[in-house]
Amino acid sequence: MIPQTSISVVTGKPCPESGIWESLGNFKTTITLFKGEPMPDYCGMKIKWKLIIAC
């Protein structure tokens with residue numbers, strides 16, 4: 001399921017929606033998180049994550 005509204009969150013904030021998240025910026029990686037988990041950093045850097053598939 002693809003979200004109809006774009007959801008993005010920065011490192012350290014609670015995950016607002018369970019699903020697969022993609023990093024925004026010059027590099028791309030994906031993670032799977034559950035609602036309420038803290039959004040992780042990437043290689044020690046604070047980044048912004050975008051929800052690509054809600055579960």
Side-chain angles (χ1 to χ4, degrees):
M1 170 188 274
I2 298 174
Q4 294 183 0
T5 309
S6 179
I7 299 174
S8 59
V9 185
V10 296
T11 296
K13 298 287 184 182
C15 180
E17 181 81 31
S18 297
I20 300 174
W21 293 79
E22 181 179 60
S23 60
L24 298 176
N26 294 333
F27 53 87
K28 296 290 181 201
T29 190
T30 58
I31 57 169
T32 301
L33 289 174
F34 293 103
K35 185 175 181 175
E37 288 186 272
M39 300 303 289
D41 61 13
Y42 182 77
C43 295
M45 299 182 335
K46 290 186 176 191
I47 63 168
K48 195 173 205 178
W49 296 95
K50 179 180 178 181
L51 182 65
I52 56 172
I53 301 174
C55 297

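Ser23 places a side-chain N or O within donor-acceptor distance of the main-chain N or O of Thr29, the cut-off being under 3.5 Å.
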Which pairs of donor and acceptor atoms, one on a side chain in residues 13-21, lie under 3.5 Å apart (sequence neighbours left out)?
{"unit_1": "Ser18", "atom_1": "OG", "unit_2": "Lys35", "atom_2": "N", "d": "2.8"}
{"unit_1": "Trp21", "atom_1": "NE1", "unit_2": "Glu17", "atom_2": "O", "d": "3.2"}

Considering only distance and modelled atom types, tabulate donor-acceptor pairs under 3.5 Å from the side chains of residues 39-55, sequence neighbours left out.
{"unit_1": "Trp49", "atom_1": "NE1", "unit_2": "Pro40", "atom_2": "O", "d": "2.8"}

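Atom CZ of Phe27 has more than 12 neighbouring heavy atoms from other residues, nucleotides or ligands inside a 6.0 Å radius.
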